**Q** 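Shown below is the structure under consideration.
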Amino acid sequence: QVQLKESGGGLVRAGASLRLSCVIDVHTLSTSAMGWFRQAPGKDREFVGAITWGNRYIYYADTVRGRFSISRDDAWTTVYLQMNSLKPEDTAVYYCAYDPQNIGSSSPRQYAYWGQGTQVTVSS
């Protein structure tokens with residue numbers, strides 16, 4: 001069983017930065033990928049980015065590339081989403097997700113475990 005816990009969301013003005021954290025609680029750590037997704041009211045869940053085991057591959061959606069970055073601690077127990085130059089259209093609930101197959105897909109269906117989400121609101 002894998003449990004994920006996001007934190008770091010909040011209300012900020014456009015142009016500000018936030019860093020989200022996702023703590024990974026798993027009995028036995030194994031090769032896996034982590035993804036970040038977001039969902040705005042009335043919209044489908046949207047891929048933000050993903051990082052595969054050992055930082056081999058890091059992927060970003062076109063809408064956030066150059067502004068957001070994904071990283072992890074060396075113990076692979078926490079994954080971060082650094083968000084810079086935030087825009088009102090970045091407003092959403094942000095979720096981290098765990099992919100035990102280490103693919104780092106942009107499809108939510110690839111991910112077996114999800115956190116409860118953290119709200120990010122960007123005012124203009």
Side-chain angles (χ1 to χ4, degrees):
Q1 185 70 17
V2 177
Q3 293 186 320
L4 307 175
K5 175 70 174 177
E6 303 96 336
S7 62
L11 171 63
V12 297
R13 291 184 178 273
S17 298
L18 278 175
R19 188 176 80 157
L20 305 184
S21 299
C22 173
V23 176
I24 306 162
D25 183 1
V26 58
H27 183 263
T28 303
L29 193 61
S30 60
T31 303
S32 56
M34 293 296 299
W36 284 98
F37 290 79
R38 65 187 182 185
Q39 189 164 19
K43 294 188 176 182
D44 292 335
R45 192 161 295 192
E46 176 189 20
F47 174 74
V48 174
I51 184 169
T52 62
W53 188 262
N55 295 343
R56 182 173 180 85
Y57 298 106
I58 303 177
Y59 305 104
Y60 296 101
D62 290 342
T63 51
V64 307
R65 187 176 290 112
R67 299 188 298 122
F68 291 11
S69 64
I70 297 174
S71 62
R72 63 165 182 86
D73 68 346
D74 290 341
W76 192 246
T77 57
T78 305
V79 178
Y80 304 98
L81 179 65
Q82 177 66 43
M83 305 186 296
N84 299 327
S85 302
L86 282 162
K87 304 175 181 180
E89 51 263 43
D90 295 318
T91 295
V93 177
Y94 282 71
Y95 300 89
C96 64
Y98 181 93
D99 169 19
Q101 295 183 321
N102 193 34
I103 293 175
S105 171
S106 61
S107 171
R109 291 189 295 271
Q110 180 61 39
Y111 296 82
Y113 300 95
W114 292 81
Q116 84 292 344
T118 185
Q119 177 71 48
V120 171
T121 303
V122 184
S123 64
S124 57

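Values below: all heavy atoms of this structure, side chains included; hydrogens, waters and symmetry mates excluded. Being a predicted model, the structure only gives us computed values, none of them experimental.
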**Q** Met83, Val93: one ILVMFWY side-chain cluster at the under-4.5 Å cut-off?
**A**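 Met83 and Val93: separate clusters.
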**Q** Would you confirm whether the ring centroid of Tyr111 sits within less than 6.0 angstrom of the ring centroid of Phe37?
**A**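 Yes.
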**Q** Do the side chains of Val26 and Trp36 join up, straight or via other hydrophobic residues, at under 4.5 Å, putting them in one cluster?
**A**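 Same hydrophobic cluster.
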**Q** I need the minimum non-hydrogen distance between Pro100 and Ser32, along with the two atoms involved.
**A**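 Scanning both residues completely, I find the closest heavy atoms to be CA-CB, 4.2 Å.
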**Q** Give the minimum heavy-atom separation between Gln82 and Ser17, together with the two atoms involved.
**A**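 It is NE2-CB, 3.9 Å.
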**Q** Taking Asn102 for its side chain and Thr52 for its backbone only, find out whether a donor-acceptor pair lies under 3.5 Å.
**A**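 Side chain of Asn102 to backbone of Thr52, a donor-acceptor pair under 3.5 Å: no, none is there.
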**Q** Is there a side-chain contact between Asn55 and Arg72 in this structure, where contact means two heavy atoms from C-beta onward sitting under 4.5 Å apart?
**A**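 They are in side-chain contact.
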**Q** Give me the atom names and distance for the closest heavy-atom approach of Ser30 to Trp53.
**A**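 Between these two residues, the closest heavy atoms are O-CZ3, 3.2 Å.
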**Q** Supply the atom-to-atom distance Ser21 OG to Leu81 CG, rounded to the nearest 0.5 angstrom.
**A**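 One gets 9.5 Å once the value is rounded to the nearest 0.5 Å.
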**Q** Can you see which heavy atom on Pro88 is nearest to which on Ser124, and at what distance?
**A**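 That closest heavy-atom pairing would be CG-CB, 3.9 Å.
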**Q** Could you give all pairs that pass the disulfide (SG to SG under 2.5 Å) test and reach residues 4-106, with sequence neighbours left out?
**A**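 Every disulfide (SG to SG under 2.5 Å) pair that includes a residue of residues 4-106, provided the two are not neighbours, is Cys22-Cys96.
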**Q** Rounded to the nearest 0.5 Å, how far does CG of Leu86 lie from CZ of Phe68?
**A**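 Phe68 CZ to Leu86 CG: 5.0 Å, rounded to 0.5 Å.
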**Q** Would Leu20 end up clustered with Leu4 when hydrophobic side chains under 4.5 Å apart are linked, directly or stepwise?
**A**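 Leu20 and Leu4: one cluster.
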**Q** Between Glu46 and Thr63, what is the shortest heavy-atom contact and its length?
**A**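 What the structure gives for the nearest pair is OE2-OG1, 3.6 Å.
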**Q** Group every Ile, Leu, Val, Met, Phe, Trp and Tyr by side-chain heavy-atom contacts under 4.5 Å, then state whether Trp114 and Tyr59 land in the same group.
**A**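 Yes; tracing contacts between hydrophobic side chains, which count when under 4.5 Å, links both residues.
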**Q** Identify the two heavy atoms, one from Ser85 and one from Arg67, that lie closest to each other, and give their separation to 0.1 Å.
**A**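 Distance-wise, the nearest heavy atoms are O-NH1, 3.0 Å.
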**Q** Examine distances only and state if a side-chain atom of Tyr57 and a backbone atom of Ile103 form a donor-acceptor pair shorter than 3.5 Å.
**A**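 Such a contact is absent between Tyr57 side chain and Ile103 backbone.
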**Q** If you measure from CZ on Arg45 to OG on Ser107, what distance do you get to the nearest 0.5 Å?
**A**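 Taking CZ in Arg45 and OG in Ser107, the distance rounds to 11.5 Å.
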**Q** Is it the case that one hydrophobic cluster holds both Tyr98 and Val48, taking links as side-chain heavy atoms less than 4.5 Å apart, direct or via other members?
**A**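 The answer is yes; both residues are in one hydrophobic cluster.
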**Q** With distance as the sole test, does Glu6 use its side chain to make a donor-acceptor pair with the main-chain N or O of Gly117 at under 3.5 Å?
**A**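 Yes, Glu6 side chain to Gly117 backbone: donor-acceptor pair under 3.5 Å.
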**Q** Check the pair Asp25 / Lys5 against side-chain contact (heavy atoms from CB on, under 4.5 Å), numbers first and verdict last.
**A** CA-CA 8 Å; Asp25 183 1; Lys5 175 70 174 177; over 6 Å; no
**Q** Is the cationic atom of Arg65 (NZ for Lys, CZ for Arg) positioned less than 6.0 Å from the six-membered ring centroid of Tyr60 and within 45 degrees of its normal?
**A**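 No, Arg65 does not lie over the aromatic ring of Tyr60.
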**Q** For the side chain to side chain contact (heavy atoms under 4.5 Å, CB included) test, which of Ile51, Thr78, Asp99 pairs with Met34?
**A**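 Output: one option passes, namely Ile51.
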